[in-house]
Amino acid sequence: MPLTSPLNTDLTLNELMETWPATIQVFLRHKMLCVGCLVTPFHTVEDACAEYHLDQHAFVAELREAVISAPRPGTSTQDGGDRSR
């Protein structure tokens, strides 16, 4: 998956979290109520950062790190098990 996609300002929060579930932890870490909010199909990262008075560049960097470090489907877990089974 392209790692620049979470930076797309047109992507809604709903699309972001559905495509990259690992980003949910970033929202929770910042105590944002975006996860499960009825507005996520309409708001973007820019909207959320403005609402919560967060630095957008720093927040996007955290989202990017979450996407990069997320396990990929079908990859092995640390205990050697295969997640695709």
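Each residue takes its place number in the sequence, starting with 1.
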Which heavy-atom pair separates A66 from V26 by the least distance, and what is that distance?
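Minimum heavy-atom separation between A66 and V26: CB-CG2, 3.8 Å.
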Nearest heavy-atom neighbours spanning M17 and C34
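Minimum heavy-atom separation between M17 and C34: CE-O, 3.9 Å.
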How long is the straight-line distance from CD1 of I24 back to CG of L16, given to the nearest 0.5 Å?
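Atom-to-atom, L16:CG and I24:CD1 are 9.0 Å apart.
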Once you round to the nearest 0.5 Å, how far does CG of L13 lie from OG1 of T40?
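L13 CG to T40 OG1: 6.5 Å, rounded to 0.5 Å.
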For L33, which residues count as a side chain to side chain contact (heavy atoms under 4.5 Å, CB included) partner, sequence neighbours excluded?
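Checked L33 against side chain to side chain contact (heavy atoms under 4.5 Å, CB included); matches are Y52.
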Cluster link L28 to L63, ILVMFWY, side chain under 4.5 Å:
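Yes; L63 is reachable from L28 via cluster members.
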What pairs of residues pass the salt bridge (charged side-chain N to carboxylate O under 4.0 Å, His left out) test when at least one of them lies in [range], not counting sequence neighbours?
{"range": "residues 16-25", "answer": "none"}
{"range": "residues 33-45", "answer": "none"}
{"range": "residues 31-43", "answer": "none"}

For the residue pair E51 and H43, confirm or rule out a side-chain donor-acceptor distance under 3.5 Å.
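H43 and E51 do not have a side-chain donor-acceptor pair below 3.5 Å.
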Any side-chain heavy-atom pair from M32 and F59 closer than 4.5 angstrom?
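Yes, at least one pair of side-chain atoms sits under 4.5 Å.
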Heavy atoms, side chains only, cut-off 4.5 Å: are V45 and L11 in contact?
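Contact flag for V45/L11 side chains = no.
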Donor-acceptor under 3.5 Å (T23 side chain, W20 main chain):
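Between the backbone of W20 and the side chain of T23 there is a qualifying donor-acceptor contact (under 3.5 Å).
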Taking only residues two or more places apart in sequence, or in another chain, which ones meet E15 in a side chain to side chain donor-acceptor pair (under 3.5 Å)?
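E15 satisfies side chain to side chain donor-acceptor pair (under 3.5 Å) with T12 once adjacent residues are dropped.
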